[in-house]
There are 2 protein chains.
Amino acid sequence: MLRLSKLTDYAVVVMVRLGRGEAVQTSPCIAAATGVPEPTVAKVLKILAAAGLVASHRGARGGYRLVRPLDAVPIADIIAAIDGPIALTACVDGGTSCEAQGLCPMRGRWDPVNRAVEAALVGITLADMADPALTFAAPAEAAALGPLALPLPALHVAE
Amino acid sequence: MLRLSKLTDYAVVVMVRLGRGEAVQTSPCIAAATGVPEPTVAKVLKILAAAGLVASHRGARGGYRLVRPLDAVPIADIIAAIDGPIALTACVDGGTSCEAQGLCPMRGRWDPVNRAVEAALVGITLADMADPALTFAAPAEAAALGPLALPLPALHVAE
DNA sequence: CGAAATCAGGACCGTTGCGGTCCCCTTATC
DNA sequence: GATAAGGGGACCGCAACGGTCCTGATTTCG
């Protein structure tokens, strides 16, 4: 399905959350605010920190903060940080050894596709994804919306 | 990784092969010509036939043939046929039930990303991937950029 | 100076989905 | 009727991912 990992989804949630409220936030705090399990939030933040997308501060009163504002972070960066470099197939970039090296008719043929996809992903920033009015429903509001309502009649689908 | 399945890669190889040589070809024949294992070729062709991308003819002297010429088959169709609809995350298209339904802050937020990616993939046809000489870029900007530019400064915003 | 808070970095499993193969049935040609 | 070919599954092993937890390093605060 061309699916990207769930962690990436969480990463976007976490990043957007970091873009609001306090400048420095701890992972338990973010977990509480987003509803994402705390260990997972911690894991995501570690990865994002390693990728340089967030800055960390250890010790008491530590936490994480954004390095760049949301509108300067293309979604492609998040995907690259979590899922690795954007590469649709294994045999891209000419480095890997496609077993059927000699007769593989697709050598390098996917590169333009990769570039087109990457270009599309570079053109969308986290700010674009965070924009809408509702943005965050903290657990409290969520409860207010109803426990498990939402038959989900395909709203939001801007099309 | 944003990786798409290997089967999709094979599908492209097979489709391109179908676009050359005999109009009707059998799966063993295609397997021999491409180097892809025969059972896998057969599997791919069955899927492509179910998706209407190739037409099959049973019985002796049967085989497969293209329904549309290569330049009328966007790569997006192949991906959709093999990997399912293009949907980066699970919570798209409003059908699936995100467990944290009420408080998921990302509801519908991935839609523009999906559409951008899909647009990029619709703009590339199998003919583009089959023609060795042609290094095409993404749809609209490609013409503006010139024949084979795109060392990837990467910026075509999706809107 | 000690205690608490917080991140860093792995190790560790269960599940899932995918890649790949095989089998039997139906259909069409010869 | 014999044979060639696709149709539609079932089946299994593996790798990758999601998710959790533990131990250690670092900083602040009492």
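The model shown is predicted, which means the values in this text are computed figures rather than measured ones. So you know, we letter chains A, B, ... as the sequences are listed, proteins then strands, and number each from 1.
Taking the side chain as every heavy atom from C-beta outward, B/Val41 and B/Tyr10 never approach each other to under 4.5 Å. Looking at B/Ile78 and B/Met15, their side chains come closer than 4.5 Å, going by heavy atoms from C-beta outward.
Within 4.0 Å of A/Leu7, counting heavy atoms only, lie sugar-phosphate atoms of the nucleic acid but no base atom.
When each of A/Thr8 and B/Gln25 is assigned the nucleotide of DNA chain D with its nearest heavy atom, B/Gln25 is the one assigned upstream, toward the 5' end.
Regarding contacts with the backbone of D/dA5, every side-chain N or O of B/Ser27 stays at 4.0 angstrom or more from both OP1 and OP2. Within the 4.0 Å cut-off from OP1 or OP2 of D/dG7, at least one side-chain nitrogen or oxygen of B/Ser56 is found. A sub-4.0 Å separation between OP1 or OP2 of D/dG18 and a side-chain N or O of A/Tyr10 is absent. For D/dG7, the OP1/OP2 oxygens have a side-chain nitrogen or oxygen of B/Tyr64 closer than 4.0 Å.
Side-chain proximity of B/Lys6 to the nucleotides C/dC7, C/dG20, C/dA8 is greatest for C/dG20.
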request  = Go along nucleotides 20-30 of chain D 5' to 3' and tag each nucleotide: B for a protein heavy atom under 4.0 Å from its base, S when only backbone or sugar atoms are that close, - otherwise.
outcome  = B----BBBSS-
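The CD1-P distance, from A/Ile30 to C/dT6, rounds to 12 Å in whole Å. Protein atom CG of A/Asp83 is 14 Å distant from nucleotide atom P of D/dA16, rounded to whole Å. Distance B/Asp9 CG to C/dC18 C1': 14 Å, rounded to the nearest Å. What separates CG of B/Leu45 from C1' of D/dG8 is a distance of 14 Å, to the nearest Å.
For A/Pro39, the side chain to side chain contact (heavy atoms under 4.5 Å, CB included) partners at least two apart in sequence or on another chain are A/Pro37. Partners of B/Ala50 according to the side chain to side chain contact (heavy atoms under 4.5 Å, CB included) rule, which considers only residues two or more places apart in sequence or in another chain, do not exist here. With sequence neighbours left out, the side chain to side chain contact (heavy atoms under 4.5 Å, CB included) criterion links A/Leu70 to A/Leu66, A/Leu126, A/Ala127, A/Ala130. Taking A/Thr125 as the reference, A/Asp128 meet the side-chain hydrogen bond (donor to acceptor under 3.5 Å, both in side chains) condition, with sequence neighbours excluded. With sequence neighbours excluded, the residues satisfying side chain to side chain contact (heavy atoms under 4.5 Å, CB included) with A/Ala76 are A/Ile86, A/Leu121, A/Val122.
Pairs passing the side chain to side chain donor-acceptor pair (under 3.5 Å) check and including a residue from residues 63-73 of chain B, sequence neighbours excluded, read B/Arg68-B/Asp77. Among residues at least two apart or in separate chains, side chain to side chain donor-acceptor pair (under 3.5 Å) pairs with a member in residues 21-32 of chain A are A/Arg17-A/Gln25, A/Ser27-A/Glu38.
When the local axes at the two ends of the helix from C/dC1-D/dG30 to C/dC30-D/dG1 are compared, using 5 base pairs at each end, they differ in direction by 10° after rounding to 10°.
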